[in-house]
Every structure is written in structure tokens, then in C-alpha cells.
Number of protein chains: 2
Amino acid sequence: MPNSSPEPEIGTRERLLDTAEELFSAHGLRETTMRQITAGAGANLAAVNYHFGSKTALVAEVFRRRLEPMNAERLRLLDEALARAGDDRPDLRAVLTAFIVPALRLGRGAGQGLFQLMARAHLAPDPELRRLVAGQFEDVARRFGAALSLALPGAPMDELFWRVFFVVGSMCHTALNTALLSEVTHGRCTADDEDAVLARLLDFAVAGVSTAAHTTTSAAPPARGPRAPGARP
Amino acid sequence: MPNSSPEPEIGTRERLLDTAEELFSAHGLRETTMRQITAGAGANLAAVNYHFGSKTALVAEVFRRRLEPMNAERLRLLDEALARAGDDRPDLRAVLTAFIVPALRLGRGAGQGLFQLMARAHLAPDPELRRLVAGQFEDVARRFGAALSLALPGAPMDELFWRVFFVVGSMCHTALNTALLSEVTHGRCTADDEDAVLARLLDFAVAGVSTAAHTTTSAAPPARGPRAPGARP
DNA sequence: GGGGCTGTGAAACAATCGTTTGAAACGTAC
DNA sequence: GTACGTTTCAAACGATTGTTTCACAGCCCC
């Protein structure tokens with residue numbers, strides 16, 4: 001018979017992935033039960049074990065399905081930025097944009113909790129899962145490390161990794177806790193305008209990453225007198 | 001009989017809090033069971049429910065016990081910094097130090113997972129618990145918001161809140177995932193030297209917070225040519 | 001020596017978890 | 001129609017969860 005339903009015949013496997021992703025993003029991995037997932041997908045309780053083998057395997061597939069294209073897009077944008085620079089030093093802001101934008105986009109396309117999902121990937125308690133997710137980021141870490149080294153030729157590699165690490169922290173926190181920010185600031189700061197959030201995060205990241213490491217370890221911390229506080233050009 | 005044991009008569013209630021804190025920090029809230037806690041504390045399974053009423057109440061008390069003095073210390077350091085500045089603008093780095101150091105200290109004193117615990121507090125899935133924890137930070141948010149507004153008189157309040165929010169993200173990520181950073185960088189970046197980590201984080205935070213918001217929404221992103229990357233006075 | 005209070009003990013509670021089972025329904029090829 | 005591989009179904013499985021129960025020990029005070 002001709003299928004005239006609005007949904008173009010989505011298979012059980014895909015429906016399971018979709019609703020699992022949604023529930024994982026909203027409530028966390030451990031706190032989402034198989035019964036919630038299968039019920040939400042309109043499938044039988046045994047469906048997950050049939051299609052994926054176990055809940056852990058389902059989680060891994062949920063992550064892989066989104067992280068793989070996201071990181072591919074990151075590398076694509078990075079290549080663009082590097083090509084645009086030619087033999088010159090690549091623009092730092094362009095490099096960081098290539099790193100951040102695909103992650104933020106993840107939160108706007110299909111579903112809207114994907115951004116939170118990515119954040120959770122970074123702090124999953126399960127060490128096995130962490131290693132699996134970390135593996136997805138190995139290429140990204142290497143390529144962006146090299147690109148940043150080109151954009152900031154003076155800084156040692158360790159420094160650059162640390163700063164990108166801090167940026168990732170800001171991204172994850174933004175993904176998970178903008179509701180909390182809105183609460184603490186009594187609605188003063190909201191994430192309604194996602195472009196504005198992206199711009200703010202990018203400004204912050206560029207400034208943080210491009211700073212000179214003036215006090216790496218043992219330089220006297222407040223040893224330069226009453227320096228003008230907000231002294232900026 | 002005279003108690004000559006090495007431990008000076010630590011009560012069951014305190015032992016429960018200590019081991020719960022340790023296990024929560026190491027493995028997460030949901031994944032730590034009452035049986036692990038009570039067994040680790042050498043107490044009966046029913047002890048938690050007797051002393052605290054429920055597991056949720058235990059979690060809340062674990063958080064409160066550490067967050068309260070940490071935030072008090074933050075405010076104390078902030079007062080010091082403001083007093084030092086007198087009628088001048090307070091030093092931005094001093095203000096951020098007052099904000100960050102007590103949080104990092106939390107990871108060095110008793111136990112060593114307290115830093116991770118604080119990070120988890122910011123992203124607890126339980127909305128009720130989140131609200132409880134957020135309440136602990138209300139004073140801190142208000143006071144530091146005012147101080148930052150003094151240190152950076154030009155920037156609007158919203159911007160400042162956002163940037164501190166990003167800093168918090170970096171802190172939390174540092175607390176939870178330095179092991180992952182070490183893994184991805186193949187041991188290149190480790191958190192062994194905590195003073196060095198603090199210095200790096202502080203540099204990053206100062207640079208990020210003190211940046212001028214040059215492109216809030218629609219300013220042309222790469223409209224200033226091949227600017228020298230690390231070029232700051 | 002009793003009453004009251006605080007704390008501990010072992011055992012069981014109901015609920016929920018992820019997983020497994022075996023049979024029924026499905027479409028497809030012969 | 002029949003056989004076959006795939007998918008779905010209701011039901012139950014054993015394990016583990018947080019919580020409760022009730023009996024018993026310790027202690028202080030009258």
C-alpha cells in the first residue's frame with residue numbers, strides 16, 4: 001500500500017536513536033531508562049537489545065552518530081580557513097570559529113539538546129565511554145593544535161592545548177547551564193539569541209587563547225604595582 | 001574506657017559525609033549507592049536514612065558543607081581586594097583571583113575530589129538539587145558582579161555575567177577533565193603542578209573577561225586584516 | 001534498677017533496573 | 001502455499017536500588 005503518512009517510514013532503529021538522544025540530552029545517560037526510550041519511540045522494551053545489543057552500545061551509537069559529522073565539519077571549516085590564509089598565518093578567530101561553530105550548530109538543527117549531549121560526552125562517568133568519545137576527538141585535537149601553532153607561532157604547544165581546553169570548558173558549560181545563568185541573573189542573561197551567544201563566546205575565546213602567557217609558573221604574580229585595571233586601548 | 005585510637009572519635013555522621021563526598025566526587029551522584037557509602041564509612045546501611053533522612057538530603061548536606069565555606073572565602077578575598085583598591089578601581093586580576101582560588105583550593109585540602117564535586121554541582125541533573133546549589137551562589141554572583149562592574153566600568157552588566165559564566169565553565173571543565181586532556185595530548189599536558197594550572201587559568205580568565213566586546217552581534221567578523229596574533233603590549 | 005533517648009544492627013520491603021526468553025507476525029523468495 | 005530470515009510482542013528473569021521495620025545495645029538521669 002502507498003505510504004501517505006507524514007513521516008516517511010522511519011525505522012524502529014532510527015526512532016530509538018532519536019528519542020534516546022533526546023532523553024539523554026534532557027535527563028542524562030544513567031537517569032534515562034530503557035522503558036522511557038522504547039515507550040517514547042513507540043517500540044517494544046526488547047527493541048533496544050535487539051537492534052543494539054545493550055544500553056551501552058546504544059549510548060555509543062547515539063554519540064557516534066552526531067560527533068562524527070560534527071568533527072568532520074570542524075575539520076572542513078578548518079581546511080577552508082587554512083586555505084584562505086594561503087601562506088600567511090591563519091586568522092586565529094577563523095580557526096576558533098571552525099572549532100566552535102559546528103558544536104553550537106549541533107544545538108540548533110534536528111532536536112535541540114544535541115549541544116547538551118556533546119557536553120555530557122566530555123564528562124561521562126563511564127571510563128570506557130569516555131575513551132570512546134575521546135577517540136572521536138583525536139584528529140580534531142591534532143589538526144587544531146597544528147593550526148593554532150601556526151596562528152600563534154610564539155606560544156608553546158602545551159599552552160595552546162591548555163587554552164583550547166579552557167575554551168571547551170566554556171562551551172560545555174554554555175551548553176548545559178544557560179538556564180542556571182538566567183536564573184542567577186534573574187533573567188538578565190538568556191541564551192535566546194544564539195548568534196549573540198556565539199559572538200560572545202567567540203570574543204571570549206579569542207581573547208583568552210591569544211593572551212600572552214606572562215605568568216606561566218613562578219613569575220611574581222602581583223609584582224607590577226597598581227597596574228591600571230581595565231587598561232585596554 | 002579511654003579512647004586511645006588514632007582517630008579522635010569521629011562520629012558516624014561525619015564519616016558518612018566524608019566517604020559520600022569521596023565517592024560522589026569519584027563516581028558521580030547517581031552511580032554511588034547507599035551500600036557503598038555505608039560500607040566505606042563502616043556504618044550500617046540504615047545509617048544514612050537515620051542521620052539525614054534520605055539520599056537526596058545527604059547529597060545536599062555534602063554540597064552545603066563545602067560550598068558554604070568556599071563562597072565565604074571568596075567573599076572574604078573579594079573584600080580584601082576591594083579594600084586594597086581603596087577608592088581606585090579594583091584590580092581585575094585580583095577580583096578574578098578571589099573568585100577562582102578558593103575553588104581550586106577546594107581540590108587540595110581534605111580529600112582531593114572536592115574540586116570535581118563543585119564542578120558536578122553545576123551540572124547536576126536533578127533540578128531541585130540544582131536550585132539548592134544555585135542558591136549557594138547568589139551572594140557570590142551579586143557581589144562579584146558589582147566588583148567586576150567597578151573593575152571594568154565600560155562593560156555592561158550582561159557582558160560581565162556572561163564572561164564570568166564562561167570562566168566558571170573553564171573551571172569546571174578543568175576540575176573534571178584534566179585526565180582527558182592528558183590522554184588526548186599523550187601526557188603533554190598534565191595537572192600535576194596545580195600552581196601552574198592556576199596561573200594558566202587566571203591568565204586565560206583575565207584576558208577573556210577584560211576583552212572589549214567588539215562584535216556583539218553583527219559586526220563584520222574578520223574585517224581587520226592579518227592582525228599580529230599574539231601582539232599585545 | 002527502671003524509664004527515656006540516641007544510635008546501631010540484620011533483615012526484609014517494594015520498586016525499578018537492564019536483560020532474556022519463546023512465541024507470534026511480518027515480508028519475501030521459491 | 002510453504003519455508004525462511006527478520007522484526008515485534010508480552011512476560012518474566014535475576015539483580016540492584018533506596019527505604020523501612022523492629023529488635024537490641026549503650027548511655028544519662030531520676
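Proteins come first, then strands; the chains are lettered A, B, ... in the order of their sequence lines, and each starts at number 1.
- One can place OH of B:Tyr50 at 15 Å from C1' of D:dC22, the figure rounded to the nearest angstrom.
- When heavy atoms are screened at a 4.0 angstrom cut-off, B:Thr32 is found touching the sugar-phosphate backbone but no base atom.
- For the pair A:Leu29 CG and C:dG18 P, the interatomic distance rounds to 12 Å; values are reported in whole Å.
- B:Ser182 places no side-chain N or O within donor-acceptor distance of the main-chain N or O of B:Thr178, the cut-off being under 3.5 Å.
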Please tabulate, for side-chain N and O atoms in residues 137-144 of chain A, each donor-acceptor pair with protein atoms closer than 3.5 Å (sequence neighbours left out).
{"from": "A:Asp139", "atom 1": "OD1", "to": "A:Arg142", "atom 2": "NH2", "distance (Å)": "2.6"}
{"from": "A:Arg143", "atom 1": "NH2", "to": "A:Asp79", "atom 2": "OD1", "distance (Å)": "2.7"}

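- Residue B:Ser54 has no polar side-chain atom (N or O) positioned under 4.0 Å from OP1 or OP2 of D:dG18.
- In this structure, CG of A:Leu16 is placed 11 Å from P of D:dC9, rounded to the nearest angstrom.
- For A:Thr12 and D:dT8, the shortest distance from a side-chain N or O to OP1 or OP2 is below 4.0 Å.
- The closest donor-acceptor contact from the side chain of A:Thr97 to the backbone of A:Arg93 lies under 3.5 Å.
- The interatomic distance linking B:Glu31 (CD) with D:dG18 (P) rounds to 11 Å, in whole Å.
- Geometrically, A:Arg74 engages A:Phe99 in a cation-pi contact defined by less than 6.0 Å to the ring centre and at most 45° from the axis.
- Note: A:Phe166 and B:His173 fail the aromatic proximity criterion, with ring centroids not under 6.0 Å apart.
- In this model, a donor atom of one side chain and an acceptor atom of the other lie less than 3.5 Å apart for B:Ser170 and A:Ser170.
- For C:dT8, the OP1/OP2 oxygens have a side-chain nitrogen or oxygen of B:His51 closer than 4.0 Å.
- Contacts between residues 34-49 of chain A and DNA chain C, defined by a heavy-atom separation below 4.0 Å, involve A:Met34, A:Arg35, A:Leu45, A:Ala46, A:Asn49, listed by number.
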